[in-house]
Amino acid sequence: MSETLLDLQRKIADNLVRIAFEVTVYPWRVTVPNFERIVRIFLAFCPPEQLKFFRISELPVWSRLSEPALTRSGREAQADGTPMPFFEPVRKRIREDRAFVARLWDGREIDDPLGSWSLTIVREKYAGEGLFSYARVLVPLESDPNVLVALARQFAEEIELLSGHGGPVFGFNPVLPYAAFTKIYTHSRRYLGIDIDMLDMCPRHMKHRLKSPCWINLIGHEFTSTNDLPLSRGASFQESGIRSTRQRFADVHVIGNRPVPLDVNRQAEGASGYRAYGEAISDFVLSEADTGPLDGEGFFNNPGTTDDWLHRFGRASAWVPDGIFKTG
């Protein structure tokens, strides 16, 4: 019997590494209405009693939603009856084309076996390059994975986005990234179906690049046309167990009925769909030349291994044992 994600979580989770369910999207742009839509979509899925904290660029620490620390603009918004007045500084930054961070969180730490609910919306600014954004939702691993599919489709319906991805991901303790990624390197060698958190490296490249295949994959219509992506959603995808839906702003491709670890010790059961999808997007997948190496002893000290991991489904890669896709 295949090892489940929860089984695997119980085996490897510690204060450095955790498997989480995520949906991440890369918007074309973040306007105030789009920001409000992203928050509203998240709140429609997250049980309201779960959320405890928020954080913004102006605050050095988390603040309780029950007793929010408000900036001057937040207090003015509260007096005007504006919903979520604690996010008013974010709205101001958006209007002024500035970088920002906005987060909602249930307070569960990385070593909590139940996982956590959280929303992170970030806009980064790079000199000479412009603004780059992402929105990321974390969902407890014990949740029905179809929640992720519904969430992804709702984002694709309401948010003009470049691309996105979702499913199981190796999260890491940001206080000890080198030690965490040293462990992730070992785990990801065995479990091909679990993504790695690269959100400190990806966003500025996503106008012309895609993340390597995940359980859920979103590709914006504008990305497809701008980058001349010849992506088929026909019989070849269906034969590989890929479910595709066309939403208003993006196509959503789900590989198989449920997320699986793709354990190489079990011949990566269920890998054929990932292989087919990887081949379809291979020319557009991020490379180590874009991002640089991932952290940790294994990735950082072995040039090319980040590239091997990113392209593990799309072409011959030293990351994948010989013959692993023949029985997928």
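The structure presented is a predicted model; accordingly, all values stated were derived computationally and were not measured. Heavy-atom basis, side chains included; hydrogens, waters and symmetry copies ignored.
Using modelled atom types, no side-chain atom of Asp80 and backbone atom of Thr82 make a donor-acceptor pair closer than 3.5 Å. Asp263 contributes a side-chain N or O that, together with a main-chain N or O of Asn265, makes up a donor-acceptor pair within less than 3.5 Å. Counting only distance, with no hydrogens or angles, the side chain of Arg275 and the backbone of Ser272 share no donor-acceptor pair below 3.5 Å. With hydrogens and angles disregarded, no donor-acceptor distance shorter than 3.5 Å links the side chain of Asp197 to the backbone of Phe170. For Ser63 (side chain) and Leu59 (main-chain N/O), no donor-acceptor pair under 3.5 Å exists by modelled atom type. Looking only at distances, no side-chain donor or acceptor of Asp295 sits under 3.5 Å from a matching main-chain atom of Phe181. Under the 3.5 Å distance criterion, the side-chain polar atoms of Thr182 are matched with a main-chain donor or acceptor of Glu297. Looking only at distances, a side-chain donor or acceptor of Asn302 sits under 3.5 Å from a matching main-chain atom of Gly298. Looking only at distances, no side-chain donor or acceptor of Gln78 sits under 3.5 Å from a matching main-chain atom of Pro85. The main-chain N or O of Asp195 is never found under 3.5 Å from a side-chain atom of Lys211 such that the two would form a donor-acceptor pair.
In this structure, the side chains of Asp7 and Arg10 come closer than 4.5 Å at one or more pairs of heavy atoms. For the pair Glu22/Val139, no side-chain contact is recorded, criterion being any heavy-atom separation below 4.5 Å from C-beta on. In this structure, Leu294 and Phe300 have side chains that are not in contact, with every pair of non-hydrogen atoms separated by 4.5 Å or more. Between Ser57 and Arg93, the closest side-chain pair of non-hydrogen atoms falls below 4.5 Å. Looking only at side-chain heavy atoms (C-beta outward), Val260 and Arg258 come within less than 4.5 Å of each other. Contact check for Leu199 versus Arg136: side-chain heavy atoms found under the 4.5 Å cut-off. Looking only at side-chain heavy atoms (C-beta outward), Trp215 and Pro145 come within less than 4.5 Å of each other. Using a 4.5 Å heavy-atom cutoff, the side chains of Phe249 and Leu218 are not in contact.
Residues Val25 and Phe132 do not share a hydrophobic cluster, defined by chaining ILVMFWY side chains whose heavy atoms lie under 4.5 Å apart. Follow the hydrophobic side-chain contacts under 4.5 Å out from Val169 and you never reach Ile19; the two are in separate clusters. Clustering ILVMFWY residues whenever any of their side-chain heavy atoms sit less than 4.5 angstrom apart, transitively, puts Phe53 in a cluster other than the one holding Phe86. Linking ILVMFWY side-chain heavy atoms closer than 4.5 Å, directly or via other members, places Leu70 and Met84 in a single hydrophobic cluster. By the criterion of side-chain heavy atoms lying less than 4.5 angstrom apart, applied directly or through intervening Ile, Leu, Val, Met, Phe, Trp or Tyr residues, Leu119 is grouped together with Phe45 in one hydrophobic cluster.
A distance below 6.0 Å separates the ring centres of Tyr26 and His165. Less than 6.0 angstrom separates the ring centroid of Tyr185 from the ring centroid of Trp319. Here Trp105 and Trp62 bring their ring centres to under 6.0 angstrom of each other. Aromatic ring centres of Phe313 and Tyr277 lie farther apart than the 6.0 Å criterion allows.
For the atom pair Ile94 CD1 and Ser133 OG, the distance stands at 8.5 Å (nearest 0.5 Å). Remark: Arg18 CZ to Ile184 CD1 distance equals 11.5 Å, nearest 0.5 Å. To the nearest 0.5 Å, atom CG of residue Leu286 and atom OG of residue Ser212 are 7.5 Å apart. Considering CD1 of Ile194 and CG of Leu5, their distance stands at 5.5 Å, rounded to 0.5 Å. With rounding to the nearest 0.5 Å, the separation of CZ in Phe21 from CG in Leu141 is 5.0 Å. Taken from OG in Ser143 to CG in Leu148, the straight-line distance is 7.5 Å, to the nearest 0.5 Å.
Cation-pi contact between Arg123 and Phe100: absent, since separation from the ring centre below 6.0 Å together with deviation from the ring axis within 45° is not met.
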- Task: Take Ser116 and Ser118, measure what side chain to side chain donor-acceptor pair (under 3.5 Å) needs, and give me the verdict at the end.
- Result: CA-CA 6 Å; Ser116 65; Ser118 74; 4.8 Å; no
- Message: side chain to side chain donor-acceptor pair (under 3.5 Å), that's the test. Do Asp308 and Thr305 meet it? Break it down for me.
- Response: CA-CA 5 Å; Asp308 282 333; Thr305 51; over 6 Å; no
- May I have the step-by-step check of side chain to side chain donor-acceptor pair (under 3.5 Å) for His311 and Ser317, ending in yes or no? CA-CA 7 Å; His311 292 269; Ser317 169; over 6 Å; no
- Which is it for Thr291 and Thr306 under the side-chain contact (heavy atoms from CB on, under 4.5 Å) test, yes or no, and what are the steps along the way? CA-CA 9 Å; Thr291 65; Thr306 296; 4.3 Å; yes
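Between His221 and Asp251, the closest heavy-atom pair is CE1-OD1, 3.3 Å. The heavy-atom pair separating Gly270 from Leu262 by the smallest distance is C-CD2, 3.7 Å. Heavy-atom minimum distance, Pro293 versus Glu288: CB-OE2, 3.7 Å. When all heavy atoms are compared, the tightest approach of Ile255 to Cys214 is CD1-O, 3.4 Å. Between Ser163 and Leu210, the shortest heavy-atom distance links the atoms CB-CD2, 3.6 Å. The minimum heavy-atom distance between Pro27 and Ile159, with the atom names listed, is CB-CG2, 4.3 Å.
A salt bridge links Lys183 to Asp14: one of the charged nitrogens lies within less than 4.0 Å of a carboxylate oxygen. Electrostatic pairing of Glu36 and Arg91 counts as a salt bridge here, judged by a charged N lying under 4.0 Å from a carboxylate O. Taking 4.0 Å as the cut-off between side-chain N and carboxylate O, Arg248 and Glu160 do not count as a salt-bridged pair. With respect to Glu67 and Arg64, no salt bridge is recorded, no charged nitrogen being found less than 4.0 Å from a carboxylate O. A salt bridge does not link Asp106 to Lys52: none of the charged nitrogens lies less than 4.0 Å from a carboxylate oxygen. Comment: Lys92 engages Glu96 in a salt bridge, judged by a side-chain N to carboxylate O separation of less than 4.0 angstrom.
Asp290 and His205 share no side-chain donor-acceptor pair at under 3.5 Å. Side-chain N/O atoms of Gln247 and Thr245 include a donor and acceptor closer than 3.5 Å.
Between Phe87 and Phe54, the angle of the ring planes goes over 60°, which puts this pair in the perpendicular group of the 30/60° scheme. Using the six-membered ring where Trp is involved, Phe223 and Phe284 have ring planes that are perpendicular, over 60° apart on the 30 and 60° scheme.
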